[in-house]
Amino acid sequence: MIRWTRREIRFFVVFALIVAILHDLLGLTWLQLPWTPIAMIGTAVAFLVGFQSNAAYGRIWEARKIWGGIVNDSRSLAIMVMDMITNEYASEEMTEEEMYSHKKTIIYRHIAWMTALRYAMRQSKPWETNREIKENKEWQDRLYIPERKFELEDELKKVLPESELKNVMGRTNKPAAIMAFQSHHLRTLKERGIIWEFSFLELEGKLSALIDHQGKSERIKNFPYPRQFATIGYDFVNLFIMILPFGIIPEFGKIGERFIADYPLIADSFIWLGIPFSVIVSWIFNTMLRIGTTGENPFEGSPNDVPISGISRGIEIDIREILGEEKEQIPEPFPIELEAQM
């Protein structure tokens with residue numbers, strides 16, 4: 001945390017030091033502000049920053065619940081596909097190889113849907129600016145974000161047939177296009193009796209739930225945290241930090257004057273203790289603000305975001321195991337950090 005905010009800490013130290021020099025060494029004692037209004041401003045700013053942090057955390061927590069729902073519904077879909085595609089009500093029976101081929105196509109298509117969705121969530125929006133901040137970029141560059149390393153089309157080639165891939169890549173909403181293919185496939189199997197009508201309704205219900213999760217993710221991605229709240233919080237915190245040393249440092253000077261009769265050496269230097277206290281208070285408010293700011297966009301790809309890439313890969317591993325694939329065929333989990341920078 002200190003390393004993350006080291007640039008601001010240096011500024012707080014230098015700024016507080018300048019105020020102390022002006023006040024104590026140069027005798028500009030009029031450079032001071034009453035402590036009571038500063039404390040009142042600090043209280044108001046603390047409430048504002050707390051509200052912003054809670055709102056940002058609410059967006060992260062909602063996003064995490066959405067992707068937790070995707071995890072559960074994806075596993076359920078895979079299990080239902082494996083058990084509900086049978087010859088029990090078939091008008092014309094399929095071989096085991098044909099049925100497995102249909103199951104594999106549906107499950108792989110679901111992997112394609114998750115892939116397209118996470119790529120859509122990683123697309124940059126004009127209000128997603130955390131990566132432009134030098135300190136944030138330093139940490140973000142250490143993260144392994146596969147959506148920034150590989151093209152979507154190359155990833156979809158691994159799990160979609162060529163005819164579907166061409167159609168999907170030409171659509172604006174690629175996850176929705178994949179879901180349309182999924183529903184059509186299930187209906188075709190239902191018409192052939194490979195899927196019982198009740199089972200078809202259950203599977204369509206899972207698709208509907210997954211589309212609902214997709215819509216909720218898109219809502220968070222496409223609707224930014226209101227700029228008026230973010231801007232006011234940023235301006236008020238900076239204002240408080242700028243006036244804080246003019247209240248704390250003279251206040252420590254007054255405290256030192258009370259000790260001058262009994263402890264003259266300590267009293268003369270007591271005002272300089274205001275520097276670390278001013279830095280600590282400024283750092284706390286600044287860090288609270290930055291934590292809230294980094295949580296505003298939970299799909300941006302920062303260290304505090306919902307790890308949708310890792311979640312998607314975890315789901316893929318689970319459902320491919322449900323499909324019965326061998327361990328050598330199943331991809332490894334994504335690394336957390338880039339190996340070259342670990």
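Hydrophobic cluster membership of Phe223, counting Ile, Leu, Val, Met, Phe, Trp and Tyr whose side-chain heavy atoms lie under 4.5 Å apart directly or via other members: none, as it forms a cluster of its own.
The side-chain hydrogen bond (donor to acceptor under 3.5 Å, both in side chains) search around Glu62 returns Arg219, not counting sequence neighbours. Among residues two or more places apart in sequence or in another chain, the side chain to side chain contact (heavy atoms under 4.5 Å, CB included) test is passed with Met242 by Phe11, Phe15. Residues forming a side chain to side chain contact (heavy atoms under 4.5 Å, CB included) with Glu88 (at least two apart in sequence, or on another chain): Thr86. Take Glu325 and apply the salt bridge (charged side-chain N to carboxylate O under 4.0 Å, His left out) test, not counting sequence neighbours, and it matches Arg320. Tyr234 is linked by a ring-ring contact (aromatic ring centres under 6.0 Å, His included) to nothing, counting only residues two or more places apart in sequence or in another chain. Checked against side chain to side chain contact (heavy atoms under 4.5 Å, CB included), Ile41 has the following partners two or more places apart in sequence or in another chain: Val45, Phe240, Ile243. With sequence neighbours excluded, no residue satisfies salt bridge (charged side-chain N to carboxylate O under 4.0 Å, His left out) with Lys103.
Applying the salt bridge (charged side-chain N to carboxylate O under 4.0 Å, His left out) definition to pairs two or more places apart or across chains, those involving residues 73-86 are Asp73-Lys206, Arg75-Asp318. Among pairs with a residue in residues 185-201, those fulfilling salt bridge (charged side-chain N to carboxylate O under 4.0 Å, His left out) read Arg187-Glu191, at least two apart in sequence or across chains. Among residue pairs with one or both ends in residues 51-60, those qualifying as side chain to side chain donor-acceptor pair (under 3.5 Å) are Gln52-Glu296; sequence neighbours excluded. Legend: salt bridge (charged side-chain N to carboxylate O under 4.0 Å, His left out) pairs involving residues 163-180, not counting sequence neighbours, sorted by first then second residue: Arg109-Glu164.
In terms of hydrophobic clustering, with Ile, Leu, Val, Met, Phe, Trp and Tyr side chains grouped at heavy-atom distances under 4.5 Å, Val281 and Val14 are assigned to a common cluster.
For the atom pair OG1 of Thr105 and OH of Tyr100, the computed distance is 10.0 Å after rounding to the nearest 0.5 Å.
Just one of Leu203, Ile107, Asn72 meets the side-chain contact (heavy atoms from CB on, under 4.5 Å) condition when paired with Leu77; it is Leu203.
Side-chain atoms of His23 and Phe246, non-hydrogen and from C-beta on, never get closer than 4.5 Å to each other. Contact of the Ile308 side chain with the Met114 side chain is not registered, since no non-hydrogen atoms from C-beta on lie closer than 4.5 Å.
Aromatic ring orientation, His110 versus Trp113: parallel (interplanar angle below 30°, classes split at 30° and 60°).
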